[in-house]
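Below is one structure, written out as structure tokens, with a few remarks after it.
Order of the sequence lines sets the chain letters (A, B, ...), proteins ahead of strands, with each chain counted from 1. Because the structure is predicted, anything quoted here is derived from the model rather than measured.
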Amino acid sequence: MSGGDLTPRIVELIADVLQVEVPTPETDLIDAGLIDSLALVSLIGEIEHEFAFLLPLDDFDLDRFRTAEQIAAFVAASAAADGVGTPAA
Amino acid sequence: MTAVLLHDYASRAAESRPDATALAMDDERMTYAELDRLSGRLAAQLVDAGCRPGDRVGLLVPKRPSAIVAIHGVLRAGGVYVPLDAESPPQRLGRIVTSAEPRLLLAVPEAAERLDALADTMALPPVWSVETDAIAGARVRSERTRADWDVDAPPPDVRIAPHEAAHLLFTSGSTGEPKGVVITHGMVTAFVDWAVGYFGTRASDRISGHPPLHFDLSTFDIYATFKAGAELHLVPPTLSVDPSALAALIRDRELTQWFSVPSALTYMAKFDAVGQDDFPALERLLWCGEVLPTPVLAKWMRKLPHVTFTNLYGPTEATIASSYHTVPEVPRDETEPVPIGVPCAGEELLVLDEQLQPTPDGEIGDLYIAGVGLSPGYWRDAEKTRAAFLADPRPGEAGRIYRTGDLARLDGDGRFHFLGRADSQIKSRGYRIELGEIESALSAVAAVRECAVVGVEVEGFEGVSICAAYVADGDLAPPALRRELATALPSYMLPARWLALDSLPKNQNGKIDRPALRERFTAETARRRGARA
């Protein structure tokens, strides 16, 4: 299962948590001014609740967290590395 | 000896250390000699264009070296600079510009679109570009560019008195109208004198410039650095969302002092961007603007045992900060908030009851500030000034006191402790936000019949979360309302949580029951968390 499969859930989560409509899965949410530092931390918290594991943040690379698609891929890869398996879409 | 004005610091450094770096950002560096030459030339042209002492000049220039040139140019012309937040929606910006009535706007080419939008809401004064490129909007075009003002001319010989205004800073107002705080030269030099002495700032320092220029904390960075003849490293605004890039900047620039709002520190800590014994050059870490959670402070202090940590406290109306507390050791009790400490030189903190009598030691009361930091008041608003700046009630004291709206108590060691707000103002990312300003913007949306905005304490990073409840005519989902509100308010004022209701909860007097609303938001958050866990 690729990260692309999680994209709709991430888009839904962003709308649900931040009340922000994601224009497209490829939109740079930070450059577009839709997500700032506070929103990013809220979103990470909600992702951790939703998928029930902690994202690895000690080596956080913002450039892998700019679009809904990238976030989905990051969550899928982190879940796999965490040993919880790929979250069900 | 003539009294010191804010721009004298940079001019003196230019005489004693002309080739030393004054400003650095990205790949750009500017020496004190260049800053002095450019600001002197801009000042000459401003005077030539009719700028007189006391005239306001608006700055629509993002934080970068040319913004510091612009600030010094305006001050050297005897003017009053008004830093404008380019991120603020045109509607709000328009109210600020209308109130400030600037003779001129200094801007950058990228601001063309914002200026065009602003020109739709009001008649704009002449606009100059601080850069080489002209401002070429559909409606707004720059009258002069750097090619016009960067020409050989002696700097103007204008001297004003230290009690005269240097800048106007606009903050959130409870009725929806941003209010301007008048800041004089003398208010800032008094704080800078204390700070440079207390922190031992010297020419070899490399100091961060993290807050935006429309934030009064930025004036500490600029003027204390220049008084010491040190280097000011402006932090690019784009980094604020990137914790590892912020940490890399402190490390790579070998900064000796970092000063920011707590949320930047919390953000870096959250992402573990700081290593053990990181930033070997760093000597001091200071914060101001809101409460830094003690667990976050303890984490930083354990990581950086070689650094001194100081909490600064104070509202814009009393200039940058009025009290300080240097934390002596890693807090043992992480549930205990950090004190706001003791007054800076020339300032006084008073805890008073409703009759303006001192509360017995240890008891909670309203926090007032007296002394050298006090603003003359709000720009062209005698009523608000009278409400917030009172005659000193103590026998034999002829001065004024400022009502902060904060609650505090004094402990047995003479240290003050902050205990929250007495009104509906909240702090988020260091910004003062009047919930009333958000409510009036929401009420202005046609489909909103009724609304209420409350601050809800949340665990962890956010501190206070802005929560909006509303009743709409017809179908109005939160994302659509949020988008609408973003045209009226800057993003830091947008509510984080929303509730669309059929009616708002009311108390026995028919007023909106805010405590009940806060409970609903708390329950709603817990419910959602529970559903997901």
Side-chain angles (χ1 to χ4, degrees), chain A residues 6 8-24 27-68 70-71 74-75 78-79 84 87-89, chain B residues 87 89 237-247 261 263-275 428-431 458-468 477-486 490-492 494-500 525-526 528-533:
Chain A
L6 289 181
R9 273 177 80 188
I10 296 293
V11 168
E12 202 184 310
L13 201 63
I14 292 172
D16 192 26
V17 174
L18 306 174
Q19 306 299 340
V20 167
E21 287 159 341
V22 174
T24 75
T27 304
D28 187 323
L29 300 168
I30 290 158
D31 276 359
L34 293 169
I35 287 190
D36 64 6
S37 58
L38 212 152
L40 193 65
V41 170
S42 304
L43 181 62
I44 286 168
E46 293 292 338
I47 288 173
E48 291 176 341
H49 276 276
E50 175 85 7
F51 296 101
F53 75 104
L54 295 179
L55 288 170
L57 296 183
D58 48 347
D59 200 18
F60 184 75
D61 179 2
L62 186 69
D63 288 334
R64 291 174 61 197
F65 222 83
R66 288 179 170 274
T67 71
Q70 285 179 340
I71 295 171
F74 181 72
V75 171
S78 307
V84 298
Chain B
E87 300 300 316
T238 49
L239 293 195
S240 65
V241 77
D242 194 339
S244 24
L246 280 179
V261 292
S263 55
L265 300 175
T266 310
Y267 198 54
M268 281 187 265
K270 165 91 187 165
F271 288 90
D272 265 330
V274 183
S428 177
R429 282 158 282 186
Y431 283 96
V458 286
E459 291 282 313
F461 178 76
E462 285 176 78
V464 178
S465 193
I466 305 170
C467 303
L481 183 51
R482 184 186 189 278
R483 202 171 49 226
E484 175 91 20
L485 203 60
S491 59
Y492 60 80
L494 296 175
R497 299 186 196 282
W498 298 81
L499 270 181
T525 308
R528 204 160 67 186
R529 287 269 153 105
R532 290 224 169 91

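- Residue contact with chain B, scored on non-hydrogen atoms closer than 4.5 Å, involves the side chain of A:I44 exclusively.
- With chain A as partner, the option from B:A486, B:P495, B:P479 having the largest number of non-hydrogen pairs under 4.5 angstrom is B:P479.
- For CD of B:E87, the number of neighbouring non-hydrogen atoms (other residues, nucleotides, ligands) closer than 6.0 Å is 12 at most.
- Only the backbone of A:L18 has a heavy atom closer than 4.5 Å to any heavy atom of chain B.
- A distance of 10.5 Å separates CG in A:L57 from OG in B:S244, rounded to the nearest 0.5 Å.
- Put simply, OG1 on B:T238 and CG on A:L62 are 10.0 Å apart, with the number rounded to the nearest 0.5 Å.
- For chain A, the nearby part of B:P243 is the side chain; its heavy atoms alone come within less than 4.5 Å.
- When all heavy atoms of A:D36 and B:V241 are compared, the pair lying nearest together is C-CG2, 3.8 Å.
- Contact detail for B:R482 and A:Q19: the closest heavy-atom pair is CD-O, 3.1 Å.
- With chain A as partner, the option from B:Y492, B:F271, B:W498 having the largest number of non-hydrogen pairs under 4.5 angstrom is B:F271.
- Rounding to the nearest 0.5 Å places OG of B:S240 at 10.0 Å from CD1 of A:I30.
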